[in-house]
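First up is the structure itself, then whatever we jot down about it.
Counting from 1, the numbers follow the sequence of the chain as shown.
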Amino acid sequence: PEAIEDDELEPNMIPVMAFINTELHYARQATNHRLMTTPDGDGQLPLHIALHYNVRLGSIKLIVKGNPAAAQSPDNSGRLP
C-alpha cells in the first residue's frame with residue numbers, strides 16, 4: 001500500500017495516526033530483547049522510562065510483555081517502576 005502523507009490526512013485523523021505510530025514504536029521496542037533488558041545510565045529499563053512519561057496503558061502492556069521481570073527491577077536509586 002502507498003504511504004499516507006500527513007498533508008493527505010483529514011485534520012481529525014492526525015491524532016489517530018500519532019496514536020498508531022506511538023503504539024507501533026512500543027510494539028517494535030518490545031520485540032528487541034537486548035533493548036528491553038539493558039538499563040540506561042540510571043539503571044532504568046524502558047518500563048521505568050515509559051511510566052515516568054505516563055505513556056498509554058496499551059504501550060505499558062507491550063513493554064511488560066517484552067520484559068516481565070522489569071516490573072520488579074529497581075533502578076540505581078532502588079525505585080521500582
### Query
Which residue pairs pass the salt bridge (charged side-chain N to carboxylate O under 4.0 Å, His left out) test with at least one member in residues 64-78, sequence neighbours excluded?
Asp75-Arg79

### Message
With rounding to the nearest 0.5 angstrom, report the OG1 to NE2 distance, Thr38 to His33.
### Response
8.0 Å

### Task
Please collect all salt bridge (charged side-chain N to carboxylate O under 4.0 Å, His left out) contacts where either partner lies in residues 26-38, sequence neighbours excluded, each pair once.
none

### Query
Should Arg56 and Phe19 count as side-chain neighbours, where that means a heavy-atom distance under 4.5 Å?
yes

### Message
Suppose we screen for salt bridge (charged side-chain N to carboxylate O under 4.0 Å, His left out). Which residues come up paired with Asp42, at least two apart in sequence or across chains?
### Response
none

## Note on the structure
Heavy atoms of Pro39 and Thr37 approach each other most closely as CD-O, 3.5 Å

### Query
Which distance, rounded to the nearest 0.5 Å, do you find between the NE2 of His48 and the CD1 of Ile63?
11.5 Å

#### Entry: Partner residues of Leu80 under the side-chain contact (heavy atoms from CB on, under 4.5 Å) criterion, sequence neighbours left out
Pro74

### Task
Can you see which heavy atom on Pro81 is nearest to which on Ala70, and at what distance?
CG-O, 3.2 Å

### Message
Going by side chain to side chain contact (heavy atoms under 4.5 Å, CB included), Leu47 matches just one of Val55, Ile60, Asn67. Which one?
### Response
Ile60

### Message
Membership question, hydrophobic clusters at under 4.5 Å side-chain separation (ILVMFWY): are Ile49 and Leu45 in the same one?
### Response
no

### Message
Restricting to side-chain hydrogen bond (donor to acceptor under 3.5 Å, both in side chains), what partner residues turn up for His25, sequence neighbours left out?
### Response
Gln29

### Message
If you compare all heavy atoms of Asn76 against all heavy atoms of Gly41, which two are closest, and at what distance to 0.1 Å?
### Response
ND2-O, 3.1 Å

### Summary
When every non-hydrogen atom of Ser59 is compared with those of Glu23, the smallest separation belongs to OG-OE2, 2.7 Å

